[in-house]
**Student:** 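One structure is given below, represented as structure tokens, and several questions about it will come after.
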Number of protein chains: 2
Amino acid sequence: MVTHATPKVSFRSQMLLARERAIIQTVNRLLAEKGFEAMTVDQVAEGVGIAKASLYKHFASKEDLAAAAMADLMVQAQTFLDGLAPALSAIDKLRTTVEWTMRLKLDGNMPTLPSQNSSLRAALMVHKAYMDGLMDVSDRLGAWIEEAQQQGALNPQIPAIAVLYTLYARACDPVLEFLKASDLFSDDQIIEMVLMTCFDGLRQR
Amino acid sequence: MVTHATPKVSFRSQMLLARERAIIQTVNRLLAEKGFEAMTVDQVAEGVGIAKASLYKHFASKEDLAAAAMADLMVQAQTFLDGLAPALSAIDKLRTTVEWTMRLKLDGNMPTLPSQNSSLRAALMVHKAYMDGLMDVSDRLGAWIEEAQQQGALNPQIPAIAVLYTLYARACDPVLEFLKASDLFSDDQIIEMVLMTCFDGLRQR
DNA sequence: GTCTATAATCAGATAGAC
DNA sequence: GTCTATCTGATTATAGAC
């Protein structure tokens with residue numbers, strides 16, 4: 001009799017992946033809402049609907065949970081970059097990507113981490129999936145930055161690395177949440193203002 | 001005999017003020033180094049060189065400590081604004097002020113708070129000295145912003161409040177620390193790059 | 001007001017049965 | 001792998017003597 005390709009194991013591993021996706025989704029939301037320090041593992045467990053001890057069967061530590069969420073964010077970013085129309089100019093690709101990250105943040109789906117916490121930084125640095133994703137995304141954005149600078153679209157006086165950091169920083173820009181909290185503007189208006197400030201500057205052109 | 005103006009009380013209160021200044025200075029440094037959550041009251045006490053219980057005779061809570069540091073920052077800002085040459089144009093005053101905040105941050109003297117933590121936000125909102133200082137600084141910057149917009153120096157399409165938030169955000173811009181961590185640039189170069197990005201934008205002019 | 005000692009709480013992580 | 005129950009350590013805050 002012909003044997004099938006281990007259906008039981010496949011099914012079990014699918015359930016496992018589904019659960020881990022659910023965990024990551026909850027972590028993502030909590031990180032966006034309250035940040036890493038204020039997020040507790042109890043809240044994650046409650047959000048997923050499982051016991052805390054079960055969480056620790058999937059992820060070794062709180063830092064590991066956050067790292068998994070960040071790795072997932074990198075996958076989302078890669079998917080977004082893949083879907084960008086190749087016909088777009090380099091600067092338009094950059095602009096559209098920044099807009100995507102800001103919308104993610106305004107929608108409460110951008111996990112934000114403290115740029116200081118060392119235990120977390122250490123966990124991120126050794127997380128292969130996250131680091132690989134980050135490197136890939138940075139490489140692709142970096143290539144567009146250099147292309148845009150050569151085309152005279154971006155100011156070539158600013159080092160590419162500084163441009164890259166500046167674009168990344170839009171993902172955790174407090175200006176977004178302050179403007180949103182002011183309740184004076186729609187999300188679209190906020191994005192338009194911050195994009196304009198970022199690319200055109202505060203000075204009159 | 002002529003009585004003097006209560007010299008003993010004056011001396012005691014001077015000692016008190018000196019101690020509180022020492023506490024605030026330590027809090028300032030720790031907030032800049034590690035942020036609010038990672039800073040512990042034990043570290044503050046050790047930094048000042050007094051017992052933790054003594055700290056609580058001066059400040060009611062950890063939030064209160066941070067609020068006092070922020071209030072002190074506002075006083076520093078007011079002093080800086082007072083010292084600005086009146087001959088400077090509005091945009092140059094803004095530029096110089098932003099440069100001052102960035103240098104404070106690069107030197108490790110800019111207390112940075114999480115923009116989310118609610119217990120801390122609540123403590124800040126009811127701290128009269130901090131709120132008064134913040135309002136005064138905001139009013140003065142706001143007036144310069146509107147002046148610069150009328151003079152055609154700043155882009156009038158961007159609401160003044162958005163400009164104000166954008167300038168404030170330079171005080172906690174992660175781009176500064178990332179560029180510093182890269183060890184590729186001097187502090188002066190970093191400030192020049194970020195100032196250029198902020199006022200002139202990433203696009204070629 | 002300063003100290004030592006301690007209370008009270010909370011959160012990350014684990015033991016061990018099923 | 002999931003659960004309940006618990007451990008462990010860290011941290012904010014206070015009691016009470018001097």
Side-chain angles (χ1 to χ4, degrees), chain A residues 6 8-24 26-27 30-31 33-69 113-114 116-124 127, chain B residues 8-24 26-27 30-31 33-69 113-114 116-124:
Chain A
T6 61
K8 188 171 182 183
V9 169
S10 175
F11 176 74
R12 288 170 70 104
S13 72
Q14 271 198 8
M15 293 306 296
L16 193 83
L17 278 177
R19 170 131 301 176
E20 296 200 342
R21 267 198 300 274
I23 295 173
I24 286 175
T26 300
V27 172
L30 287 171
L31 282 180
E33 254 177 50
K34 358 175 57 139
F36 178 74
E37 328 259 355
M39 175 186 85
T40 71
V41 179
D42 289 273
Q43 290 167 348
V44 177
E46 189 191 337
V48 180
I50 62 177
K52 182 162 57 168
S54 303
L55 264 188
Y56 280 94
K57 297 287 179 176
H58 294 275
F59 299 94
S61 67
K62 183 184 176 185
E63 281 76 18
D64 207 45
L65 276 173
L113 306 181
Q116 306 154 327
N117 189 311
S118 55
S119 78
L120 184 51
R121 284 185 71 87
L124 282 175
H127 195 290
Chain B
K8 188 171 184 186
V9 170
S10 174
F11 177 73
R12 287 172 70 106
S13 71
Q14 271 197 7
M15 291 308 295
L16 192 82
L17 278 178
R19 170 132 301 178
E20 295 198 343
R21 267 198 300 274
I23 294 173
I24 286 174
T26 301
V27 172
L30 286 171
L31 282 180
E33 254 177 49
K34 357 175 59 138
F36 178 73
E37 328 260 353
M39 175 186 87
T40 71
V41 179
D42 289 273
Q43 289 166 349
V44 177
E46 190 192 336
V48 181
I50 62 176
K52 182 163 53 169
S54 305
L55 264 189
Y56 279 95
K57 298 285 182 179
H58 293 274
F59 299 94
S61 66
K62 183 184 175 184
E63 281 76 19
D64 208 45
L65 276 173
L113 306 180
Q116 306 153 326
N117 189 313
S118 55
S119 78
L120 185 51
R121 285 184 69 87
L124 283 175

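Not measured: the values here are computed from a predicted model. In what follows, chains are A, B, ... by sequence order, proteins preceding strands, each numbered from 1.
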**Student:** Side chain of B:S54 only, please: which of D:dT2, C:dA13, C:dC3 is the nearest?
**Tutor:** C:dC3
**Student:** How close do B:V44 and B:L55 get, counting heavy atoms only, and between which atoms?
**Tutor:** CG1-CD1, 3.6 Å
**Student:** Between D:dA13, C:dT4, D:dT2, spot the one nearest the side chain of B:K52, thanks.
**Tutor:** D:dA13
**Student:** Between P on C:dC10 and CD on B:E37, what's the gap in Å once rounded to a whole number?
**Tutor:** 16 Å
**Student:** Can you give me the closest heavy-atom contact between B:L31 and B:A69, atom names plus distance?
**Tutor:** CD1-CB, 4.1 Å
**Student:** Give me each pair satisfying side chain to side chain donor-acceptor pair (under 3.5 Å) with a member in residues 40-50 of chain A, each pair once, sequence neighbours excluded.
**Tutor:** A:D42-A:K52
**Student:** B:F11 has an atom CZ; how far is it from atom P of C:dG1, in whole Å?
**Tutor:** 13 Å
**Student:** For A:V41 and A:A53, take the nucleotide of DNA chain C holding the closest heavy atom to each; which residue's nucleotide lies nearer the 5' end?
**Tutor:** A:V41
**Student:** Does any residue of residues 60-69 of chain B have a heavy atom under 4.0 Å from DNA chain D, and if so, which ones, in number order?
**Tutor:** B:S61, B:K62
**Student:** Whole angstrom is fine here: how far is it from CG in B:L55 over to P in D:dT12?
**Tutor:** 11 Å
**Student:** Provide the closest heavy-atom pair for A:A22 versus A:V48 in the form atom of the first, atom of the second, distance.
**Tutor:** O-CG2, 4.2 Å
**Student:** Provide, to the nearest angstrom, the distance between the CG atom belonging to A:L30 and the P atom belonging to C:dG12.
**Tutor:** 12 Å
**Student:** Working to the nearest 0.5 angstrom, can you tell me the gap between A:K62 NZ and A:E37 CD?
**Tutor:** 6.5 Å
**Student:** Look at the side-chain N and O atoms of A:Y56 and state whether any lies under 4.0 Å from the OP1 or OP2 oxygen of C:dA13.
**Tutor:** yes
**Student:** For B:M15, report the nucleic acid contact type (base, sugar-phosphate, nothing); a contact means any heavy atom under 4.0 Å.
**Tutor:** nothing
**Student:** I need the CG-P distance between B:D42 and D:dT11, as an integer number of Å.
**Tutor:** 7 Å
**Student:** Looking only at heavy atoms, which two atoms of B:E20 and B:H58 are closest? And how far apart?
**Tutor:** OE2-ND1, 3.0 Å
**Student:** Where do A:L120 and A:P114 come nearest, in terms of heavy atoms and distance?
**Tutor:** CD2-CD, 4.1 Å
**Student:** Quick check: on DNA chain C, is the nucleotide nearest A:F36 upstream (toward 5') of the one nearest B:L16, or the reverse? Name the residue that is more 5'.
**Tutor:** B:L16
**Student:** For a quick check of understanding: with a heavy-atom distance under 4.0 Å over all strands, which category does A:T40 fall into, base, sugar-phosphate or nothing?
**Tutor:** sugar-phosphate
**Student:** Can you measure A:F59 atom CZ to D:dT2 atom C1' for me and round it to whole angstrom units?
**Tutor:** 16 Å
**Student:** If I take atom NZ in residue B:K57 and atom C1' in nucleotide D:dT14, what distance separates them, rounded to the nearest angstrom?
**Tutor:** 9 Å
**Student:** Taking atom C1' of C:dC10 as reference, at what distance in whole Å does atom CD of A:Q43 sit?
**Tutor:** 12 Å
